[in-house]
Amino acid sequence: MANPKLLCGIGCGICILLVSLILILVSIGTVEPIEYAIEYNSFTKKTNEDNVYAGGWYMIGPISSFITFPATLVNYDWSDYENSKATPLTNVKDNGNQDMSISFSIQYKLTEENIGKLYSKYKTVYENTFRQWADTAVRDTVGKFGTT
């Protein structure tokens, strides 16, 4: 018959190995190759905006996760197309006070070195602010011109 102390030691060793393996696996965070990310600690509810991660696998700990941002060009459309993010601008007035509807598209690319600043100022709703800025800029610009 086997030694009970030896069996207990083997059992405890296997349990410790399994728990360690699970802790390591839940401590790994991934960022897709087409994304940037900043680390979010779910215990302290704080982000590390000074360290931006590019695509890859990282050991960030079991209580941390990533907040991701696109690293590629992003299209933002104001149109009637099926996948557009906004409808065309309506009630846009020229300097003759004539109403018009305008469809247009912009592209933007976030820079890795400014992701932390972007998050600290706008969190994850930065695109709403971009949309409002573009809407205002188009309306102001159209208002400077006549219909001809």
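Note that these values count all heavy atoms, side chains included, but never hydrogens, waters or copies made by symmetry.
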Apart from Y40 itself, what residues make up its hydrophobic cluster when side-chain heavy atoms of I, L, V, M, F, W and Y under 4.5 Å apart count as a link, directly or indirectly?
Y36, I38, V52, I67, F69, V74, Y108, L110, I115, L118, Y119, Y122, Y126, F130, W133
Is a side-chain donor or acceptor of [X] paired with a backbone partner of [Y] at a separation under 3.5 angstrom?
X    : Y    : result
K144 : T141 : no
S79  : S84  : no
S64  : G61  : no
E35  : E32  : yes
Y58  : A54  : yes

Could you state whether W78 and M100 fall into the same hydrophobic cluster, counting links through intermediate Ile, Leu, Val, Met, Phe, Trp or Tyr residues with side-chain heavy atoms under 4.5 angstrom apart?
yes
With side chain to side chain contact (heavy atoms under 4.5 Å, CB included) as the test, would you mind laying out the steps for D94 and F145 before giving the verdict?
CA-CA 6 Å; D94 66 1; F145 296 96; 5.8 Å; no
How far apart are the C-alpha atoms of R139 and D135, what are their side-chain angles, what is the distance that settles it, and do they pass the salt bridge (Lys or Arg N to Asp or Glu O under 4.0 Å) test?
CA-CA 6 Å; R139 290 179 190 277; D135 183 299; 2.7 Å; yes
Under a 4.5 Å cut-off applied to non-hydrogen side-chain atoms, are [X] and [Y] in contact?
X    : Y    : result
T136 : D140 : yes
V138 : F104 : yes
N41  : T47  : no
D80  : P88  : yes
Y53  : V31  : yes

[X] atom [atom1], over 12 foreign heavy atoms within 6.0 Å:
X    : atom1 : result
K5   : NZ    : no
K85  : NZ    : yes
I34  : CD1   : no
K109 : NZ    : yes

Whether the [X] and [Y] side chains hold a donor-acceptor pair (N or O, under 3.5 Å, no angle test) is what I'd like checked.
X   : Y    : value
Y76 : E127 : no
N75 : S105 : no
N48 : E39  : no

Table please: side-chain donor-acceptor pairs of residues 10-29 below 3.5 Å, with sequence neighbours left out.
unit_1 : atom_1 : unit_2 : atom_2 : d
S20    : OG     : I16    : O      : 2.8
S27    : OG     : L23    : O      : 2.6

Can you tell me how far the NZ atom of K121 sits from the CG atom of N114, to the nearest 0.5 Å?
11.5 Å
Write down the atom of A134, the atom of I106, and the distance for their closest heavy-atom approach.
CB-CD1, 4.3 Å
Could I get the full list of side-chain hydrogen bond (donor to acceptor under 3.5 Å, both in side chains) partners for D99, not counting sequence neighbours?
K93
